[in-house]
Number of protein chains: 2
Amino acid sequence: MPTAKTENFTDQQQRIADLAKALGHPARVAILMHLFKTNSCVCGDIVEEIPLAQSTISQHLKALKKVGIIHGEVEGAKTCYCINPKVWQEMKDVLGQFFGTFTGCC
Amino acid sequence: MPTAKTENFTDQQQRIADLAKALGHPARVAILMHLFKTNSCVCGDIVEEIPLAQSTISQHLKALKKVGIIHGEVEGAKTCYCINPKVWQEMKDVLGQFFGTFTGCC
DNA sequence: TATATTAATCGTATTTTAACGATGAACTTT
DNA sequence: AAAGTTCATCGTTAAAATACGATTAATATA
């Protein structure tokens, strides 16, 4: 029974895990890559690019939004998604620092 | 029904997702941090450090082993775990490059 | 040799993810 | 006003993840 974890781990550990988990599915990686490519903000034509149902893409977008990596703006009937540079930088920092903690042994 | 993904995504996308997913749980982050601290290789006293059952820790270790981030060596009755520097570097590279792809917009 | 320790694996329960189609709300276009 | 787009959400299903205790195999110690 997957219990609440917040208790047992530090905020830092939890944040690292949350950010990493958001990248933990190839569809979400693909979505982000697509947002890179079309470096202006891009709307739901993500669905065209990725062979998954519209509702599934929407779910993945929601997951990315939840940790703050992306941000959606309603523009008429469409919604424009873009990467949140602030959180992207945070992720770079937090994970980069984590990666750098290990310098080598063994 | 979570279908096979290998088909729809590139190897790179899949690898990024697999590596990220391995970091996608605070217990695994905590395990890795513990391996950093005790920078010589360290055995199952991880169980002492993290408030989870032995079998659960074992499962998390298995997950980390699966992507190659850590590596266990049997030493008598105990097992000594350490980070695989090669894979750690790969992770740094692969994810670092991914992070760097986005330079900013919006 | 008998007992204890270590850690992987098994079996199980619960929760979360991932996927889809269908529906519905909001905005556009005709 | 009516019909069409767009996209979030709902409901559902199946699979994977998470957690635990119990068991087992291996090694170590008494």
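Small disclaimer: the values here were computed from a predicted structure and weren't measured. By convention in this document, chain letters (A, B, ...) are assigned in the order of the sequence lines, proteins followed by strands, and residues within each chain are numbered from 1.
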For this session: Calculate the interatomic distance between A:Gln54 atom CD and D:dT5 atom C1'; express it in whole Å.
Result: 11 Å
Seminar exercise, completed: Closest non-hydrogen contact found for A:Phe102 with B:Pro85 is CE2-CA, 4.1 Å
Exercise. Heavy-atom distance under 4.5 Å between the side chains of A:Ile70 and A:Leu32, does that happen here?
Worked result: yes
For this session: Quick one: list whatever passes side-chain hydrogen bond (donor to acceptor under 3.5 Å, both in side chains) with B:Glu73, sequence neighbours left out.
Result: none
Exercise. Which heavy atom in B:Leu52 sits nearest to a heavy atom in B:Ala27, and how many Å separate them?
Worked result: CD1-CB, 3.7 Å
For this session: Can you run down the side-chain hydrogen bond (donor to acceptor under 3.5 Å, both in side chains) pairs that involve residues 84-98 of chain A, sequence neighbours left out, and say none if there aren't any?
Result: A:Arg15-A:Glu90, A:Gln89-A:Asp93
Seminar exercise, completed: Correct closest heavy-atom pair for A:Gln14 and B:Pro26 would be OE1-CG, 3.6 Å
Exercise. Where along residues 57-64 of chain A does a heavy atom fall under 4.0 Å from DNA chain C?
Worked result: A:Gln59, A:His60
Problem set entry | B:Leu23 to B:Val29 - nearest heavy-atom pair and separation | O-CG2, 3.4 Å
For this session: Could you work out which one of C:dA18, D:dC7, C:dT16 sits closest to the side chain of A:Arg28?
Result: C:dA18
Using the 3.5 Å cut-off, write out each protein N or O paired with an N or O of nucleotides 24-30 of chain D and the distance between them.
unit_1: D:dT27; atom_1: O3'; unit_2: B:Ala77; atom_2: N; d: 3.2

For this session: Give a yes/no on whether any side-chain N or O of A:Tyr81 is located under 4.0 angstrom from OP1 or OP2 of D:dA8.
Result: yes
Check nucleotides 2-4 of chain C for protein N or O atoms closer than 3.5 Å to its own N or O atoms and list the pairs.
none

For this session: Identify the two heavy atoms, one from A:Val74 and one from A:Gly76, that lie closest to each other, and give their separation to 0.1 Å.
Result: CG1-O, 3.3 Å
Problem set entry | Residue B:Thr56, side-chain atoms from C-beta onward, closest of C:dA22, D:dA19, D:dC7 | D:dA19
Exercise. NE2 of A:His71 versus C1' of D:dA8: gap in Å, rounded?
Worked result: 16 Å
For this session: Could you state the atom-to-atom distance from CD of A:Glu48 to P of D:dT5 in whole Å?
Result: 13 Å
For this session: Mind jotting down which residue pairs meet the side-chain hydrogen bond (donor to acceptor under 3.5 Å, both in side chains) criterion with at least one end in residues 59-70 of chain B? Sequence neighbours excluded, please.
Result: B:Arg28-B:His60
Problem set entry | Rounded interatomic separation in angstrom, taking NE2 from A:His25 and C1' from D:dA15 | 11 Å
Exercise. So, for A:Ile69 and A:Ala22, which heavy atoms are closest and what is the spacing to 0.1 Å?
Worked result: CD1-CB, 3.9 Å
Problem set entry | Nearest-Å distance for atom pair NZ/P, residues B:Lys21 and D:dA15 | 15 Å
For this session: Can you figure out which of D:dG21, D:dA17, C:dG21 approaches the side chain of B:Ala53 most closely?
Result: D:dG21
Exercise. Starting at NZ of B:Lys66 and ending at C1' of C:dT9, how long is that distance when rounded to a whole Å?
Worked result: 16 Å
Problem set entry | d(CG, A:Asp18; C1', C:dT17) in whole Å | 15 Å
Problem set entry | Length of the CD-P vector between B:Glu49 and C:dA7, whole Å | 14 Å
Seminar exercise, completed: Residues passing the side chain to side chain contact (heavy atoms under 4.5 Å, CB included) test with A:Ala53, sequence neighbours excluded, are A:Ser55, A:Thr56
Problem set entry | Side-chain N,O (A:Thr79) to OP1/OP2 (D:dA8) below 4.0 Å | yes
For this session: Compare all side-chain heavy atoms of A:Ile31 with those of A:Tyr81 and state whether any distance is below 4.5 angstrom.
Result: no
